[in-house]
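A short worksheet on the structure shown next.
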Amino acid sequence: MEIASKYNPAEVESKWYEYWIKNNLFHSEPDEREPYTIVIPPPNVTGVLHMGHMLNNTIQDVLVRRARMQGKNACWVPGTDHASIATEAKVVNKLAVEGIKKSDLTREEFLEHAWDWTREHGGIILQQLKKLGASCDWDRTAFTMDDIRSESVLKVFCDLYDKGLIYRGVRMVNWDPKALTALSDEEVIHKEVNGKLYYLRYMIEGDDEGRYAVVATTRPETIMGDTAMCIHPDDPKNAFLKGKKVIVPLVNRAIPVIEDEYVDIEFGTGCLKVTPAHDVNDYMLGEKYNLPSIDIFNPDGTLNENGGRYAGMDRFDVRKQIEKDLGEAGLIEKTEPYTNKVGFSERTDEAIEPKLSMQWFLKMEDLAKPAAEAVENDTIRFFPEKYKNTYRHWMENIKDWCISRQLWWGHQIPAYFLPKGGYVVAMSKEEAFAKAKQQVDYEITIDDLKQDEDVLDTWFSSWLWPISVFNGINEPDNKEINYYYPTNDLVTAPEIIFFWVARMIMAGYEYRKEPCFRNVYFTGIVRDKLGRKMSKSLGNSPDPIELMEKYGADGVRMGMLLTSPAGNDLPFDESMCEQGRNFNNKIWNAFRLVKGWEVDNNTSQPESSKIAVEWFQSKLSETITELEDLFSKYRLSEALMLLYKLFWDEFSSWYLEIVKPAYQQPIDSVTYEATLSFFDDLLRLLHPFMPFITEELWQALYNREEGESLMISFQPDAGDINKDLLSDFEDVKHIISGIRTIRLDKNIPNKEELELDIAGIHTDSFNSIISKMCNLTSIKQVSEKQAGSAGFLVGTTEYSVPLSESIDTEAELQKLEAELSYTEGFLKSVEKKLSNEKFVQNAKPEVVENERKKQADAESKITLIKENIASIYKK
RNA sequence: GAAUCGUUAGCUCAGCUGGUUCAGAGCGCUGCCUUGACAGGGCAGAGGUCACUGGUUCGAAUCCAGUACGGUUCACCA
């Protein structure tokens, strides 16, 4: 049988993915087994796969595949998110290209376009996940705006409204002048901006001496909205302003000077201009002192009629113009460079405008309580744990959630306004009508009801995801939700801990009285070599699909996992995928070797093979035990590395080399069967990490029936671990390495046979292995090392190889001297410790005992080295 | 500004309740190796005052305090 010397992933991957699908192996139905559930963090429906998705979904797939192979009923629910703002922006852009303005369309027409767009681009990302090998239950694919999820969202809205947790009111909100919508606090990113601090003169009204106050502000364009000036009551330098009125420059409006301790005397001049409509703090002052509020902005960030001569201009242009105008009017004292933090929209990167507007809010305090506790007491565990702090801090300072958005793409708020004021909240217009009739004392028709134009924040649907994917909101007692919920693990990015994770936990307790998941694995950020976050705009992100074509999905999966402990950023480098690909190739070639052997039932098993089988059995068991521990701590990269070394070093470099028959010789059947069985176990262990190549080889290892698959077989169990055998074998490796080093040093080809002399304690049972691996003709005990031989120490036993050629005594001496001085130094430090009475008294007995042993070992080693040196001199 | 996490080999990271798993792993690097699974490979090597300064202790990479430098999150100083 001819098998290519290089593994070619492309055809293998699609073949097995189709096979898994065809045999319905990803699908899960409730049964008597223990469930294992993961819900996917739904990617944006019109998004494409990026490196962050690759990392995230690889981890989920590893967890799901492993759980499935542990006999659990594993269910990974896929789906997508309608991503209100992001998608709407994309559709608006697309229409703009076609010369259509959103404002020219009706809501229905716009939504038509949005659905078209969704149908066209939606689900691409899910197809890409299939390339990665994701074992999602595709029959369960959900969308945050499909019927079940939409109904769930409305239901929850109505329910929370009925409970009095949702309210409507005019509040200062974060306004995005580009997307033309309000945002929640979490959607605002504060960035440092280099600007100026403007010192403006406000003349005192009716002051004969022409005195004035100086106000320091970063936003001179908002002066038209000023309705007061504020000073600190105890500020001596501004005391002369008390009770006066000052004139707002340019608009010549008189405003009162108020006093409040909120003002920082030290900052600027100690005078604060108060613009209640455009600053959160000024708004609070306005409330406190009952100040009028003058809104000077249009929704798009241009000035409205209150902006006087600046009406119609953009806010940033006004800032420049006003600086000029005020300067000319002699009303600018000075300007100085100033750095401050400005909020920007997460989605549009537009500077946020604090704006008073009517919005819907959700009260968070009561919802937060059980959610905070659950993480605090580890009912829900975070990996890494440090995010508990972040979470706690947010939960303790939680504010009400602004859930309305002035967009069309999303779940329209189920509130219906009544003709003479007021509104009713209901699941449908019909229901609303019924309610309305009861509520009002005048005649109305259903057409008199007008539904609120706004939609809900995207996260208002995502926070129900673990419940809504099993229809647990609409039918709270259905079989599926009762079986699959609570889910087990959530894999997501720390950036959305507040947006999503925290809120899901809240919804979980509110609607199921149970945690929505048990463990949260936070992935890091995928960065490029320069440490920059990979992003579309920087263009520094490789295309995941191209990567998979180049290195194979298994190779890329491995590359992503090799160096990414939970919570750590991943400095991505293609060389890691290369390492992954190389490992695939190693497995492939090991398989070629084993499958290429000719088996002879009449050959008896050599001693060396018999021991190797026993040893590897123990090694395997040991690794399985360690693996379980690592998985329990979600240390996936370490788990993978452990398997990497098991396969490459222990299995390929040691085990296979030992049992490998001589060239063109057959192998005995006992060893052969054992080797196949080991291979089978190794493939099972590796499968969650690299599903494709393992399935390919597992199918080829034995004759499998149609429908059989590695992915639904079981993880191997750990057997007995013979610790003595394992540790003896480590010595054997050292002996073999020692001999190899001698060959290298002395330039002795492998073909040339050697002898091995041993002075000291040695277990003979491994001689067959040493002999085979080193091409030895004899291994014998000697009282001391022969002259003219090269040696090394393993423990306190001296191994030496007699050499026919004369050896370089000078070099030999140097080596021995170096070892002697090292060992003597070592002995000295041990002796120092032991002669310290306090150490002997205070340290644990076993520690002291250990030091004594070290002392004895070092002493005998020194004696041995000295003898060797002496023997060289004798000669 | 506050909170929090971190600093160990060229790179990415392990190192649990102080003492032989204490100075480790993978990659990279250096040398040698052409027939026999694999050069996408084999074998053997070199590489670190564990950021710094004090302290606790018989004993510190490990515990404590401070400093420096990074990261993350939060914050209304105009």
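In what follows, chains carry the letters A, B, and so on, assigned in the order in which the sequence lines appear, proteins first and then strands, with residues in each chain numbered from 1. Below, each value reflects all heavy atoms present in this structure, side chains not excepted, and no hydrogens, waters or symmetry copies.
- Side-chain proximity of A:Arg592 to the nucleotides B:G36, B:A37, B:G19 is greatest for B:A37.
- Among the heavy atoms of the strands lying under 4.0 Å from A:Val263 is at least one base atom, whether or not backbone atoms are also near.
- Nucleotide B:A75 has no partner under the Watson-Crick or G-U criteria, as no pair reaches both atom distances under 3.5 Å.
- Phosphate contact (OP1/OP2 of B:A37, side-chain N/O of A:Lys660, threshold under 4.0 Å): present.
- Among the heavy atoms of the strands lying under 4.0 Å from A:Ser652 is at least one base atom, whether or not backbone atoms are also near.
- In this structure, B:U49 is classed as syn because its glycosidic torsion stays within 90° of zero.
- Following rounding to the nearest Å, A:Ile748 (CD1) and B:C43 (P) show an atom-to-atom distance of 18 Å.
- Of the candidates B:A37, B:U73, B:C43, B:C43 carries the atom nearest the A:Arg740 side chain, counting heavy atoms from C-beta on.
- Within 4.0 Å of A:Pro494, counting heavy atoms only, lies no atom of the nucleic acid at all.
- Proximity of A:Tyr198 to the phosphate of B:A78: no side-chain N or O atom is located under 4.0 Å from OP1 or OP2.
- Minimum atom distance to the side chain of A:Asn850 is reached by B:U20, of the listed B:U20, B:G26, B:U12.
- With B:A44, B:A78, B:C58 as the choices, the nucleotide that has an atom nearest any side-chain atom of A:Phe839 turns out to be B:C58.
- One P atom belongs to B:G59, the other to B:U12, and the distance between them is 35 Å to the nearest Å.
- Ionic pairing of A:Arg532 and A:Asp528 is present here: one or more N-O contacts between side-chain nitrogen and carboxylate oxygen are shorter than 4.0 angstrom.
- For A:Asp569 (side chain) and A:Ile525 (main-chain N/O), a donor-acceptor pair under 3.5 Å exists by modelled atom type.
- When the C1' atom is used for both B:C33 and B:C38, the distance is 15 Å, rounded to whole Å.
- Across all strands, A:Asp569 comes closer than 4.0 Å only to sugar-phosphate atoms, never to a base (heavy-atom distances).
- Residue A:Thr390 places no side-chain N or O under 4.0 Å from the OP1 or OP2 atom of B:C74.
- When rounded to the nearest whole Å, the span between NE2 of A:His278 and C1' of B:C76 equals 17 Å.
- Going from the C1' atom of B:U53 to that of B:A68 covers 11 Å, rounded to whole Å.
- A cation-pi arrangement, defined by a distance under 6.0 Å to the six-membered ring centre and an angle within 45 degrees of its axis, is absent between A:Lys388 and A:Phe382.
- With RNA chain B read from its 5' end, the first of the two nearest nucleotides for A:Val280 and A:Lys751 is the one closest to A:Lys751.
- Looking at which nucleotide of RNA chain B each of A:Arg527 and A:Leu570 is closest to, the 5′-most match is held by A:Leu570.
- Nucleotides B:G41 and B:G47 are separated by 24 Å at their C1' atoms, to the nearest Å.
- Counting atom types as modelled, A:Tyr262 pairs no side-chain N or O with a base atom of B:C77 as donor and acceptor under 3.5 Å.
- Here A:Asn397 does not reach the OP1 or OP2 of B:A75: none of its side-chain N or O atoms lies under 4.0 Å away.
- Residue-level contact check: A:Lys273 touches neither bases nor backbone, having no heavy atom under 4.0 Å from any strand.
- Relative to the side chain of A:Ser653, the nucleotides B:A37, B:C43, B:A25 differ in distance, and B:C43 lies closest.
- A salt bridge links A:Glu851 and A:Lys833; the closest N-O separation between the charged side-chain nitrogens and carboxylate oxygens is under 4.0 Å.
- The listed nucleotides are B:A78, B:G40, B:G19; the one nearest the side chain of A:Asn582 is B:G40.
- Neither OP1 nor OP2 of B:A37 sits under 4.0 Å from any side-chain N or O of A:Lys6.
- Remark: B:C13 base-pairs with B:G24; criterion is Watson-Crick or G-U wobble with both hydrogen-bond distances under 3.5 Å.
- Base pairing of B:G41: its partner is B:C33, meeting the Watson-Crick or G-U wobble criterion (both donor-acceptor distances under 3.5 Å).
- Distances shorter than 4.0 Å separate some side-chain N or O of A:Trp648 from OP1 or OP2 on B:G42.
- Looking at A:Lys828 and A:Glu831, no side-chain N of the basic residue comes within less than 4.0 Å of a carboxylate O on the acidic one, giving no salt bridge.
- Closest to the side chain of A:Lys844, out of B:A37, B:G19, B:C27, is B:G19.
- A:Lys844 and A:Glu849 are not joined by a salt bridge, as no carboxylate oxygen comes within less than 4.0 angstrom of a charged side-chain nitrogen.
- Nucleotide B:G19 has B:C58 as its partner under the Watson-Crick or G-U criteria, with both atom distances under 3.5 Å.
- B:A39 and B:U34: their P atoms are spaced 14 Å apart (whole Å).
- Nucleotides B:G6 and B:A51 are separated by 11 Å at their C1' atoms, to the nearest Å.
- Between B:C58, B:G45, B:C76, one nucleotide has an atom nearer to the side chain of A:Thr741 than all others, and that is B:G45.
- Whole-Å rounding puts the A:Asp235 CG to B:A78 P distance at 18 Å.
- Comparing B:G41, B:A75, B:A14 against the side chain of A:Asn568 picks out B:A14 as the nearest.
- Both cation-pi conditions hold for A:Lys334 and A:Tyr199: the charged atom is under 6.0 angstrom from the six-membered ring centre and inside a 45 degree cone around its axis.
- Within the nucleic acid shown, A:Lys341 comes within 4.0 Å of at least one base atom, counting heavy atoms only.
- Contact annotation for A:Asn842: base contact, defined as any heavy-atom pair under 4.0 Å involving a base atom.
- Here the separation of B:A61 from B:A3, taken at their P atoms, is 30 Å to the nearest Å.
- Atom C1' of B:C27 sits at a distance of 12 Å from the matching atom of B:A9, rounded to the whole Å.
- Taking 4.0 angstrom as the limit, A:Arg581 places none of its side-chain polar atoms (N or O) nearer than this to OP1 or OP2 of B:G40.
- A distance-only check finds no donor-acceptor pair linking the side chain of A:Ser652 to the backbone of A:Asp649 [under 3.5 Å].
- To the nearest angstrom, P of B:A78 lies 9 Å from CG of A:Asp279.
- Among the heavy atoms of the strands, none lies under 4.0 Å from A:Phe522.
- When the side-chain nitrogen and oxygen atoms of A:Arg635 are compared with OP1 and OP2 of B:G15, one or more of them lie within a distance under 4.0 Å.
- Taking atom CE of residue A:Met641 and atom C1' of nucleotide B:G24, one finds them 13 Å apart after rounding to whole Å.
- Comparing B:C27, B:C58, B:C5 by their nearest atom to the side chain of A:Tyr644 picks out B:C27.
- Residue side chain A:Glu657 reaches the base of B:A37 through a donor-acceptor N/O pair under 3.5 Å, judged by distance alone.
- Proximity of a side-chain donor or acceptor of A:Arg381 to a complementary backbone N or O of A:Val520 within less than 3.5 Å is not detected.
- Shown here, B:A68 forms a base pair with B:U7; the pair counts as Watson-Crick or G-U wobble because both key distances fall under 3.5 Å.
- Within 4.0 Å (heavy atoms only), A:Asn585 reaches at least one base atom of the nucleic acid.
- Ion pairing of A:Glu376 with A:Arg392 is present here, as a side-chain N (NZ or NE/NH1/NH2) and a carboxylate O approach within less than 4.0 Å.
- Pair assignment for B:A46: none, as no Watson-Crick or G-U wobble contacts are both less than 3.5 Å.
- For B:G47, the glycosidic angle deviates from 0 by 90° or less, giving a syn base.
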